[in-house]
Each structure stands twice: as C-alpha cells, then as structure tokens.
Amino acid sequence: MTSNTRVVVIGAGLAGVRLARRLGELGTPVTLIGEEEHRPYNRVLLAEVLAGRYTPEVIALPAPAALTRARVTGIDRGARTVEYADGSRTAYDTLVLATGSNPVLPPLRGLFTPDHVLPEGVHAFRTMDDCLGLSAAVRPGVKAVVIGGGLLGVSAARALAQRGAQVILAQQSERLMERQLDPSASKLVRRHLGDLGVEVHTDLRVRDVRCVGGAVRSVEMADGYALDAEIVVLACGVHPRVGLAQTAGLEVRKGIVVDDELRTSDPHIHAIGDCAQHDGNVYGLATPALEQADVLAELLAGRTNARYTGTRSLTRLTLAGQTAFDLAAFGETEALPGDDVVQLADATRGTYRKVVVRDDRLVGGVLVGELGTVGALARAWEGAEPLPAGGPLLHLLTNDGGS
C-alpha cells in the first residue's frame with residue numbers, strides 16, 4: 001500500500017482506535033470518524049464510571065490526531081466516498097467499518113414515548129452519554145430495576161448498588177450470566193450481588209413499563225406482579241450495527257461478513273470488531289476486536305501474509321471495591337457425556353474453580369474468586385494441545401501459573 005493511500009475508519013471505539021493507532025505506527029495515514037462528542041473511551045469500563053470508581057477521563061483512549069467527529073449517513077461504493085449528515089463527503093481508497101453494536105431494546109409495552117424516545121428514568125447502558133445520564137439519576141435509596149442478567153446487567157446492578165440504590169435485577173432465564181457460566185459459578189455471582197443488597201429474580205419476564213407524566217414509575221412482570229421503579233436499566237444484550245453496510249449492499253448476516261483478510265464482499269471495504277462476522281462468529285468482545293485491528297493494520301501496511309483465523313478469548317470480569325469479585329470463563333464450561341471434570345470449591349471463601357477436559361484436551365473452564373491460575377489454564381486451552389500425562393489438571397488448578 002502506497003503512503004498516499006486514503007484509509008478511512010468509521011467508528012472510534014476500541015477496534016477503530018486500535019487500528020488507527022497501529023496504522024500510524026506503521027507509517028500509514030488514516031482518517032478516523034467517530035460520532036460521539038466524547039473523547040474515545042474504553043466501553044468495557046463504563047460500569048466503573050457508573051460506580052464512581054473512575055472518571056470518564058481515566059477510561060479515555062489515546063486517540064490519533066486525525067479524528068473527525070461526524071455522523072456518517074451513507075457509503076457511495078462507486079465513487080468511494082462516505083457521506084456525512086451535513087452532506088459533506090470524504091473520499092477513501094480503503095474503508096474500514098468499525099461501527100460496533102447497538103443495545104437490544106426489548107419489546108416491552110410502554111417502553112417508548114409517542115415521540116419514540118425512552119421515557120424519563122429508562123436508560124440503555126451502552127455509551128458514555130448513557131452512563132453519564134444514568135449516573136446523574138442515581139442517588140442513595142433510589143429504586144432501580146435492571147432488566148437483564150448477563151455480563152452487562154450484573155456489572156450495572158453492582159455499580160448501582162455501590163452508589164446506594166435499591167436494586168432489583170430481573171433475569172428472564174434461570175440463572176445469571178448463563179452464556180458464560182455453569183450453575184455453580186452463577187450461584188456465586190448471585191450471592192455476591194445479594195451481599196451488596198441487590199435483589200435478584202430469575203425466570204422472570206418483564207412485560208410492561210408503566211409511566212406517569214412521561215417518567216417511569218414501575219415495571220410489570222408477566223405474572224402481573226409490579227416492581228416500583230424510578231430508574232430502569234436495559235441490559236438485554238447488543239446486536240451488530242450493520243445499517244451502513246446493509247444500505248451499501250454489502251453481505252450481512254448476523255454481522256458484516258468478512259474473510260480471513262477481514263474484507264467484506266467489497267474488496268475495498270473491511271470490517272472489524274462487534275459489527276463483523278468472521279467464519280460464522282460475531283464475537284462482541286474486546287479481545288477479538290483488538291486482534292482483528294492488529295491483523296488488519298498489518299495487511300493495510302503492506303504485510304500481505306497476515307491473516308485473521310479467529311479468537312479463542314476468555315470472559316474476565318473484575319469488580320473492584322470493598323467487596324472485590326473476580327471471575328473468568330473460557331470455552332465450554334458445561335461438560336458433555338464422557339468429559340472429565342475437575343472442580344474445587346470453597347464455600348467459605350466464595351471461590352470456585354472448574355475445568356472440562358475432552359480427549360485429553362482442555363476445552364473450557366470457569367474460575368470465581370482467586371484467578372491466580374487463569375493464565376496457565378488459558379494458555380493450555382488456547383494451545384489446544386494434548387495435556388501431558390501425570391494428572392496436570394490439579395496442578396494447574398492449585399498453582400499460580402501467572403495471570
């Protein structure tokens with residue numbers, strides 16, 4: 001790629017900023033476009049801002065100088081330009097979509113006002129503006145209902161409780177963080193939230209948001225039971241932000257389809273991060289987004305042997321504060337018939353470690369509490385090599401392999 005090639009990146013989140021920085025280090029100029037007014041930030045740490053542990057400045061990302069704050073409304077693939085809301089355009093030779101994801105807004109009655117905006121007191125929890133708006137609404141004793149018991153819902157509920165809110169977490173499925181954790185680990189997460197005063201309800205479907213004068217007053221369950229609420233947090237997951245790609249005629253399934261060079265169906269356009277679908281996977285996690293950015297930077301800088309072949313990433317949640325809580329999960333945490341399982345639990349200390357082995361290979365694990373062994377376990381899992389003979393699993397579970 002020549003030095004005067006115009007690379008334009010849409011999206012100033014973790015993936016877009018990482019790509020722009022790496023390209024700059026490799027001598028390739030880039031224009032980064034972000035629509036938020038805030039300085040680019042680490043979205044993973046928004047719950048820590050809500051909890052009051054960090055200020056927005058602490059989680060800011062070191063953005064490149066060539067940052068354009070604008071909203072892109074269209075892509076002209078023939079002319080190779082992107083168009084902004086004000087009608088102006090920027091030309092590109094190579095375009096990268098790092099548009100991220102949008103929060104899932106559940107189909108609840110009363111969720112939107114007649115003007116199609118969320119009522120006062122109802123908050124998504126995806127952007128810095130969401131976080132700051134929610135933070136301004138929290139005060140000691142305020143009644144808050146968090147809808148959703150995944151990673152985001154657990155983080156939001158804990159942060160609100162740390163701010164003194166009376167928090168109820170409503171989860172539709174039977175346990176918390178069911179995508180990442182097995183039942184034993186989920187119970188420990190629930191116990192941790194309970195120790196903070198969070199009231200957790202599982203197998204509970206929210207049906208209705210009740211408002212008075214445009215402000216939320218309660219949420220109603222499917223069984224007719226109502227929960228008083230001055231604040232409602234929607235933590236029901238995310239979906240890839242693919243509108244620009246769809247309108248431009250790119251191939252989109254769950255996300256924007258890309259190959260091992262992170263190219264879309266248009267060879268001049270690439271996609272990385274939450275919006276991208278590689279080999280059937282939409283990861284929605286920070287580690288794959290950063291790895292994709294690094295691979296694409298190498299490719300765009302002319303190092304043609306770089307390829308992205310997928311990411312085996314673990315979920316890690318560290319909740320600091322007076323009652324610290326650490327959690328890590330990777331791979332398959334539920335055993336299949338014929339798998340070997342090793343578990344160590346300490347109910348008094350609230351720690352739990354479990355690994356699943358299939359055909360002498362570590363296929364998954366979950367750790368709650370002490371994470372000293374997570375580094376060694378993750379390396380054994382990522383390597384996907386047969387485990388050495390001689391019962392190494394207990395050694396991995398009980399010795400600090402470096403985290």
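None of the values given here were measured: they were computed from a predicted structure.
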Student: Indicate whether the side chain of S101 and that of R126 have a donor and an acceptor atom separated by less than 3.5 Å.
Tutor: yes

Student: Mind checking ring pair (Phe, Tyr, Trp, His ring centres under 6.0 Å) for F125 and listing every partner two or more places apart, or none if nothing turns up?
Tutor: none

Student: Just wondering, more than 12 heavy atoms not from R71 lying within 6.0 Å of its CZ?
Tutor: no

Student: Is the number of heavy atoms from other residues, nucleotides or ligands within 6.0 Å of CD (E83) greater than 12?
Tutor: yes

Student: Can you confirm whether the side chains of T315 and Q180 place a donor and an acceptor under 3.5 Å from each other?
Tutor: no

Student: Tell me if the CZ atom of R69 is crowded by more than 12 foreign heavy atoms within 6.0 Å.
Tutor: yes

Student: Keeping the roles fixed (side chain from K354, backbone from V342), state whether a donor-acceptor pair exists under 3.5 Å.
Tutor: no

Student: For E261, is there an ion pair with R303 - N to carboxylate O distance below 4.0 angstrom?
Tutor: no

Student: Could you check whether any side-chain heavy atom of R21 comes within less than 4.5 Å of a side-chain heavy atom of P62, counting everything from C-beta outward?
Tutor: yes

Student: Would one find more than 12 heavy atoms of other residues, nucleotides or ligands at under 6.0 Å from atom OH of Y225?
Tutor: no

Student: Keeping the roles fixed (side chain from R163, backbone from L50), state whether a donor-acceptor pair exists under 3.5 Å.
Tutor: yes

Student: Please confirm whether the backbone N or O of L204 pairs with a side-chain atom of Q172, one donor and one acceptor, at under 3.5 Å?
Tutor: no

Student: Is S155 reaching over with its side chain to a backbone N or O of L151, donor-acceptor style, under 3.5 angstrom?
Tutor: yes

Student: Let me see the working for I256 and L97 under side-chain contact (heavy atoms from CB on, under 4.5 Å), right down to the final yes or no.
Tutor: CA-CA 9 Å; I256 305 168; L97 301 177; 3.8 Å; yes

Student: In chain order, what residues pass the side chain to side chain donor-acceptor pair (under 3.5 Å) check against Y283, with sequence neighbours excluded?
Tutor: none

Student: Calculate, to the nearest 0.5 Å, the distance between atoms CG and OG1 belonging to D279 and T309 respectively.
Tutor: 9.5 Å

Student: Just checking R253: does its CZ atom have more than 12 heavy atoms from other residues, nucleotides or ligands closer to it than 6.0 angstrom?
Tutor: no

